[in-house]
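Here's the structure we're looking at; comments come further down.
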Amino acid sequence: MPLEIFPFAVLGGLISGAAYMLGSLFPILATEYAGLSKAETGLIYTASSAVILISGPLFGWLADTVSHKSVFTLRSAANITSSLIYVAAPTFSGVFIGRAVDDLGKSAFRPAWGALMSRVSDAAPQRRAQMMSWMSVGEDIGEILGPILAGFLWSAFGVTVLLISRAVIAAGVEIYALWATQRFQPSEAFSQRRVSGKAHDFAP
């Protein structure tokens, strides 16, 4: 993996890890922690699909017209907010709103993350596919390790500790994102476009 790619691969892993901590555990969270019925949980899943379908294009437009960085940060904000909602309101309405906030964060993350991958890979067109694949590997590792960490925290300390830890991790990820995109600038040779000769902006 090129050294310049590593911080961005780590960033993708951290964001996806925090985002997917509740992935497979959400049905248990809804039924056992919040006491919802299977019908209520199913309704939340249906509503969540609608949220993703509607909000995805909207966040893509916002990323292009406003700021990729602003949209990118919504993922961590959604993790923090939804975790606190689950803790404060373990009811149908609380879980419903928390899940909706989570899905909004996922919808916001995808176009911003795709734009960042494109910018990074554009810096070395001859290795575009390799660079994007390394960043995707980081994201995939996060999806695998996030639920494992969540399962450990739940079984060892309980669901409240899990949710608070998720919020803390998301806050730490946002700090790392700001630090990584400012501190780890690619080398001059790496960051020059071969076509235009202009340096790339690597900020999300």
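A 4.5 Å side-chain heavy-atom check between I80 and V168 finds every atom pair outside the cut-off. At a threshold of 4.5 Å between non-hydrogen side-chain atoms, the residues L149 and L162 do not count as touching. In this structure the side chain of V173 never reaches within 4.5 angstrom of the side chain of Y176, judged on heavy atoms. Under the 4.5 Å side-chain criterion, counting only non-hydrogen atoms from C-beta, I15 is not in contact with E139.
The two residues G142 and P147 have their closest heavy-atom pair at O-CD, 4.3 Å. Shortest non-hydrogen contact noted between S76 and E174 is OG-OE1, 3.4 Å. When all heavy atoms of I85 and G94 are compared, the pair lying nearest together is CG2-O, 3.2 Å. When all heavy atoms are compared, the tightest approach of G23 to P27 is O-CD, 4.2 Å. Across A78 and G105, no two heavy atoms sit closer than the pair CB-CA, 3.5 Å.
Judged by distance alone, the side chain of S155 and the main-chain N or O of F152 form a donor-acceptor pair under 3.5 Å.
Following chains of ILVMFWY side-chain contacts shorter than 4.5 Å, one can reach I141 starting from I148, so the two form part of one hydrophobic cluster. There is a path of hydrophobic side-chain contacts, each under 4.5 Å, that joins L36 to W154. Both W179 and F8 are members of a single hydrophobic cluster when ILVMFWY side chains are connected at heavy-atom separations under 4.5 Å. Criterion: ILVMFWY side-chain heavy atoms under 4.5 Å apart, direct or through other members. Under it, V87 and I44 are part of a common hydrophobic cluster. Hydrophobic cluster membership differs between L25 and V101, with clusters built from Ile, Leu, Val, Met, Phe, Trp and Tyr side chains linked at under 4.5 angstrom.
Rounding to the nearest 0.5 Å gives a distance of 11.0 Å between CG of L145 and CE of M21. S83 OG to I164 CD1: the interatomic distance, rounded to the nearest 0.5 Å, is 9.5 Å. A distance of 5.0 Å separates CG in L104 from OG in S55, rounded to the nearest 0.5 Å. R99 CZ to L43 CG: the interatomic distance, rounded to the nearest 0.5 Å, is 12.5 Å.
Of the candidates D102, L84, L22, L74, D102 is the only one forming a side chain to side chain contact (heavy atoms under 4.5 Å, CB included) with N79. Partner of F157 under the side chain to side chain contact (heavy atoms under 4.5 Å, CB included) criterion, chosen from T160, V159, L153: L153. For the side chain to side chain contact (heavy atoms under 4.5 Å, CB included) with T41, the qualifying choice from V95, L29, T46, T31 is T31, the only one to do so.
Cation-pi geometry between K106 and Y20 is satisfied (NZ or CZ under 6.0 Å from the ring centre, within 45° of the ring normal).
Within a 6.0 Å sphere centred on OH of Y45, heavy atoms belonging to other residues, nucleotides or ligands number more than 12.
For an aromatic pair to be called close, the ring centres must be under 6.0 Å apart, and Y33 with Y86 fails this.
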